[in-house]
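What follows is a single structure, written as structure tokens, with notes after it.
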Amino acid sequence: MIVFDRALVRARRTRAVASLGQADFLFREAAERLVERLEDITRVFPMALDIGCHDGAVGRALGGRGGVETLVQCDFSPAMAAAAGGLALAADEESQPFAPGAFDLVLSALSLHWVNDLPGALLQLSRALKPDGLLLASMLGGETLIELRQALIAAESELEGGAGPRVSPFADVRDLGGLLQRAGFALPVVDADTLTVSYPDPFALMADLRAMGETSALLERRRRPSRRTTFLRAAELYQDHHGGPDGRVPATFQILTMTAWAPHASQQQPLRPGSAKARLAQALGGEEVSAGEKAGRD
């Protein structure tokens, strides 16, 4: 299913190169959280990949940490890849150029939510990892920008007779866990964190989203310009429903983090059914009742 206009994703990311330094807090925070998780894993990663690197936030956060010896960075936008510096190239997450088993570690901070074929992208990443290689990636989840979405839907319904698609669909924790398994990863874990950012008004939030290159790139987006009155009404509704006593408004960003490993014989394996050496009833101090009996009956 084609959801995003990938050419528009690349164009907006390229345009954001000049402005990202003014609004890169989200990428810096996501990168730091990934590196903190990586530091909990006591091993060395001779060759690592940062896919969807933007301007190199993950590389800067690493700064010699996490056991990474060599970092290759890639981004869908050639201009972003150039801004990242170091070993960087332009590459599409949906058509990756990497050889099988090329990397010990794959990192990604807030880029994969723009991919149409996420199952295919994850499958390619699993192949690019060496056996027992690690995937550590974050992407935006379904609660992201919930306040803005509600305000825009209400304003368009009120003033334009219906709401069009404006904010991208996002995956949830359960979806990602299943996709990792389908892609062949072992020991997948997905968890969610919420980051709430305070803004003086909704228009400041929208300006940050443009500066980050994170405005909507839906293929089925409205093609005609939006009415100024609709945005003014959306801002008013946003303020009415979510504004604080100080007049500022919150913006929610849900960050989903995936941790998974390329399969290897040394990894912990699930036990075969019936292989337990102790009974559950004994462990719980209870009485075992067979499936053919009913409790409370002689």
Side-chain angles (χ1 to χ4, degrees), residues 30-53 56-75 84 86-89 91-113 115 117-139 141 171 173-193 255-273 275-276:
E32 184 62 32
R33 293 186 182 200
L34 286 183
V35 174
E36 287 177 355
R37 290 170 183 252
L38 189 61
E39 287 187 304
D40 293 333
I41 302 170
T42 55
R43 55 187 294 184
V44 173
F45 299 98
M47 185 66 69
L49 168 68
D50 176 14
I51 189 164
C53 65
V58 168
R60 290 191 295 273
L62 279 169
R65 300 153 63 192
V68 173
E69 295 180 348
T70 300
L71 179 67
V72 176
Q73 302 170 102
C74 74
D75 197 89
L87 294 175
L89 70 151
D92 188 345
E93 296 98 333
E94 295 186 351
S95 183
Q96 299 167 25
F98 309 112
F103 299 103
D104 305 278
L105 168 69
V106 170
L107 298 161
S108 182
L110 303 187
S111 181
L112 293 175
H113 53 271
V115 171
D117 184 13
L118 184 55
L122 291 174
L123 179 61
Q124 291 177 66
L125 291 178
S126 71
R127 291 173 176 168
L129 281 168
K130 296 176 182 177
D132 205 30
L134 172 63
L135 170 71
L136 190 55
S138 63
M139 58 189 293
V173 170
R174 184 169 50 188
D175 291 337
L176 291 182
L179 291 179
L180 288 169
Q181 290 181 320
R182 283 175 54 189
F185 282 101
L187 309 175
V189 176
V190 183
D191 56 75
D193 293 311
I255 300 177
L256 305 182
T257 303
M258 299 175 281
T259 306
W261 299 82
H264 188 266
S266 66
Q267 294 167 351
Q268 182 179 355
Q269 302 294 323
L271 296 174
R272 292 181 292 103
S275 63

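Only this structure's heavy atoms are used, side chains among them; waters, hydrogens and symmetry mates stay out.
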Any L112 side-chain heavy atom under 4.5 Å of M258 side chain: yes
Among L122, D117, L123, which residue satisfies the side-chain contact (heavy atoms from CB on, under 4.5 Å) criterion with P119? D117
In short, G52 meets S111 closest at the heavy-atom pair CA-OG, 3.4 Å
Heavy-atom distance under 4.5 Å between the side chains of R33 and T257, does that happen here? no
Residue pair R65 / L38, side-chain heavy-atom distance below 4.5 Å: no
For the pair S126 (side chain) and A183 (backbone), establish whether a donor and an acceptor sit closer than 3.5 Å, ignoring hydrogens and angles. yes
Heavy-atom nearest pair, G66 first then F45, reads O-CD1, 3.5 Å
Minimum-distance pair of heavy atoms, taken over all atoms of Q181 and P188: CG-CG, 3.8 Å
Please say whether more than 12 non-hydrogen atoms of neighbouring residues, nucleotides or ligands are located less than 6.0 Å from CZ in R182. no
Does R127 CZ have over 12 foreign heavy atoms under 6.0 Å away? no
Give me the atom names and distance for the closest heavy-atom approach of V115 to L118. CG1-N, 3.7 Å
Smallest heavy-atom separation, V58 atom then V35 atom, equals O-CG2, 4.4 Å
Test item: L125 and L129 side chains (from C-beta on) under 4.5 Å apart, heavy atoms: no
Sub-4.5 Å side-chain heavy-atom contact between I51 and Q124: no
Any side-chain heavy atom of V44 sitting closer than 4.5 Å to one from D104? no
Heavy-atom check, side chain of L176 versus side chain of M139, under 4.5 Å: yes
Can you tell if the side chain of D175 reaches within under 4.5 Å of the side chain of V190, non-hydrogen atoms only? no
